[in-house]
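Structure, as structure tokens:
What you see is a predicted model; the values in this text were computed from it and never measured. We name chains A, B, ... by the order of the sequence lines, and we start the count at 1 in each one.
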Amino acid sequence: MFDLERWQEIFDTLSKNKLRTFLTGLSVASGIFILVILLGFSTGIQNGVKSQFQKDATNLVSIWAGTTTKEYKGLNPGRRIQLKNDDFNAVSNKYADNIEHESSFYTIWGGLVNYKNESGNYRIQGILPGNQFIENADVSQGRFINISDIDNVKKVAVIGNKVAEDLFKGEDPIDKYITLYGISFKVVGVFYDPGGERDESKVFLPLPTAQLAFNGADNIRNMKFTLKMADDFDQAVAESQAVSAAIENEIKLRQTVAPDDTNAVRVYNTLEEARKIYSLVDTIAAVFWFVGIGTIIAGVVGVGNIMLIIVKERTKEIGIRKALGAQPWSIVGMILQESVFVTMFSGLFGLILGLGLLELVGPLIESDFIKYPQVDFNTAIATVFILVFAGALAGFIPAYRAAKIRPIVALRDE
Amino acid sequence: MIEIKDLHKSYHMGSNSLHVLKGINFNVKEGELVSIMGSSGSGKSTLLNILGMLDEADSGSYTLGNVPIKNLNEKIAANYRNKFLGFIFQSFNLINYKSALDNVALPLYYQGVKRKERADKAMHYLEKVGLAEWSHHLPSELSGGQKQRVAIARALASDPKVLLADEPTGALDTKTSYEVMDLIQGINDEGKTILIVTHEPDIAQMTKRIVNLKDGLIIDDSKVEQIRASAHV
Ligand SMILES: Nc1ncnc2c1ncn2[C@@H]1O[C@H](COP(=O)(O)OP(=O)(O)OP(=O)(O)O)[C@@H](O)[C@H]1O
Ligand SMILES: [Mg+2]
């Protein structure tokens, strides 16, 4: 292997058969190059989809109340469960470490809203400041409901963009007064919602203000929490399930509901949904791997084919070398060494080229769905070695056969 | 130098078998220049291939320079070919991507001679066949006669005991053939043992002994008055 004379003989052969060397190298290099780009973009798409999705995929836990379906501790089924501020506060305090944003809601479905002569029916919701993040509301003008609005039970409102368009007709709504069932509220902000028009047809009030204004006492309709996400997705799902189950139990305990009564207290966890998206990402990865492995197989077949043709073309040369005293194994070794050298060299070349291109082009790509295309270096190196090994194997069989051909047969004139 | 006793060789093709050599007995002493003649298919090449260890006889004995040649495996055969024999073929069999010099140096590579020394020796033999200026040309840039002279230089490069030539002039015109024969005669004059297969009588007349094959047997083996090729060039 490390015989200098032998290497000189091989370089001599390679350099004097430039076209053949070049074509073999090209097919290997382009195979690896395509593979690297493919895997790079696969990673890029996965990163893109994940991050795109993670923007919305807050780990949201929503809790609603219904009617009991089971008799429990002497209480009859069919009882309506009413969530209270205390329920929310208890959960909020107990799971403060897990919770990122929180809000409880007091909702009036089709509330009549007036501004001057304009009016419309919109959903009116008493909320807490955390709802801005839960709903991904994007405040375009003014501000969102803040903690001082809550503490001071201020009569302020933040209206959705649709409401602003309907009622104000281009007029600046900030600091104007709208009326809900005869009660005036000062508009302090306008928000957009990525959810679109439906989510922008809302009027947010501070929760205590809404409860007070509409005789809600300390009733709430539902509550939502976003949980802090663990970096590892499976861990995040597990934690989220544990926390939402604990919250559910807590509320059932407080409301005296049977632990297995799923109708009375309903908990909805978005991370379950997230899991589906992640499995989509996994599918994308699997498809790319499938294509990648296909590329490798095509590369292996290609290299094998080239080796076969090369050896065939060199049958006569091999006969001459043997007549001049070449040992059969030196023939096999020569062909193998050549093929390994060429595939290795051009494979690494294709690898570097591919990695370089990803490195160069990666940051320039401005698509939401492709982010940081990159390739795990070890994977890439491994594929080069697979190809080299396959090339060697594919070269070995015809080389071995060629070395076995007796020189008279190889030298026979056609 | 060469001793052959009762050599037999058959080729088998499917159920048919063709008895090509039917008991050849023949000796060659050192320094001889022998031509082997005979009609097409009489077994000349077969005999030469066996002498060249490119093929094996079915039975009989063969001794080359006191070394019994038998039970050859590929390794030993390759080794003996490299050390003892030089080949000259009708179709030259040069490696087409190697220069004349590199072609001549190739047997030395398989002898393990170092690169520099290989080049020096190869150059020496190219000078000997009068092609020093052509050393860096590819075979495709040489005429038939020049190619054959490169092949002769290559056959000489490993300093073999015996040169075996199968119709070395078969692909050359008369004038070039005589030039090649002149070269071969010169090499023989220096003491090299040479066997030439030919079916051209004028070429055979330029050797010192003619062996005539017919149907796998030697029917005539006689010394001849050697005609010098240089007289015709
Ligand atoms: N490898 C082989 N397999 C089968 N038959 C063969 C083989 N080599 C030679 N023969 C046959 O053996 C016979 C002798 O062949 P050989 O090549 O020795 O003849 P030759 O005297 O050299 O003829 P030529 O003058 O045409 O070269 C021929 O009939 C040929 O067809
Ligand atoms: Mg013949």
Side-chain angles (χ1 to χ4, degrees), chain A residues 1-24 309-335 337-338 342 399-414, chain B residues 11 45-46 48-50 52-56 72-99 102-119 138-139 151 154-155 157-158 160 164 166-167 170-171:
Chain A
M1 246 316 176
F2 298 105
D3 183 350
L4 185 65
E5 293 285 325
R6 180 117 153 217
W7 277 114
Q8 278 169 340
E9 175 70 14
I10 281 167
F11 286 137
D12 199 43
T13 305
L14 290 177
S15 66
K16 285 180 180 152
N17 292 282
K18 286 197 183 64
L19 185 67
R20 187 172 80 197
T21 308
F22 174 75
L23 288 177
T24 317
I309 292 168
I310 287 177
V311 172
K312 180 117 193 124
E313 186 196 287
R314 294 179 72 177
T315 304
K316 188 149 195 168
E317 179 196 335
I318 290 167
I320 296 169
R321 285 175 183 270
K322 283 182 76 176
L324 297 180
Q327 298 289 342
W329 280 106
S330 91
I331 300 281
V332 177
M334 173 183 80
I335 291 174
Q337 226 166 310
E338 277 181 34
V342 172
Y400 183 77
R401 275 219 308 259
K404 277 260 173 266
I405 297 174
R406 291 191 314 186
I408 34 165
V409 177
L411 291 177
R412 186 175 292 152
D413 295 309
E414 251 63 49
Chain B
Y11 287 114
S45 297
T46 305
L48 203 75
N49 287 338
I50 291 169
M53 291 176 242
L54 297 170
D55 205 350
E56 250 186 307
L72 289 179
N73 64 27
E74 283 236 49
K75 250 176 112 164
I76 296 170
N79 196 4
Y80 283 1
R81 280 198 295 269
N82 187 238
K83 279 204 303 220
F84 299 152
L85 301 169
F87 293 95
I88 301 161
F89 303 94
Q90 177 174 0
S91 55
F92 323 126
N93 282 335
L94 299 174
I95 292 179
N96 55 18
Y97 64 83
K98 282 182 180 287
S99 69
D102 288 343
N103 263 289
V104 176
L106 198 58
L108 298 169
Y109 169 74
Y110 287 114
Q111 281 188 338
V113 177
K114 292 274 169 281
R115 196 177 174 82
K116 180 82 181 61
E117 196 187 336
R118 268 193 334 250
L138 291 176
R154 182 178 66 184
S158 57
L164 300 173
D166 195 347
E167 308 203 25

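Taken to the nearest 0.5 Å, the CG atom of B/L54 stands 10.0 Å off from the NZ atom of A/K322. To the nearest 0.5 angstrom, A/I320 atom CD1 is 6.0 Å from B/R154 atom CZ.
Annotation: A/F22, atom CZ; neighbour count of heavy atoms from other residues, nucleotides and ligands within 6.0 Å does not exceed 12.
Neither the backbone nor the side chain of B/K83 comes within less than 4.5 Å of any heavy atom in chain A. Residue B/Y80 does not touch chain A at all, counting heavy-atom pairs closer than 4.5 Å. Contact of A/T13 with chain B is made through backbone and side chain together, with heavy-atom distances under 4.5 Å. The part of B/D102 that comes within reach of chain A is its side chain, from C-beta onward, which places non-hydrogen atoms under 4.5 angstrom from that chain. For B/L94, the part lying near chain A is the backbone, with the side chain staying farther off; criterion is any non-hydrogen pair under 4.5 Å.
Top candidate by heavy-atom pairs under 4.5 Å with chain B, chosen from A/K404, A/R406, A/Q327, A/K16, is A/Q327.
Residues A/R314 and B/Y97 approach most closely at NH2-OH, 3.6 Å, considering heavy atoms. Taking all atoms of both residues into account, the shortest heavy-atom contact from B/A78 to A/A326 is CB-O, 3.5 Å. Taking every heavy atom of both residues into account, B/F87 and A/A323 meet most closely at CE1-O, 3.5 Å. The shortest heavy-atom contact between A/A403 and B/E74 is O-OE2, 3.9 Å. Closest approach of A/G325 to B/N82, counting heavy atoms only: CA-CB, 3.6 Å.
Considering B/I50, B/T46, B/N49 as possible partners of A/I408, the one that fulfils the side-chain contact (heavy atoms from CB on, under 4.5 Å) test is B/N49.
Ionic pairing of A/E9 and B/R115 is not present here: no N-O contact between side-chain nitrogen and carboxylate oxygen is shorter than 4.0 angstrom.
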Between A/K316 and B/I95, is a side-chain contact (heavy atoms from CB on, under 4.5 Å) present by the stated rule, with each step listed?
-> CA-CA 9 Å; A/K316 188 149 195 168; B/I95 292 179; over 6 Å; no
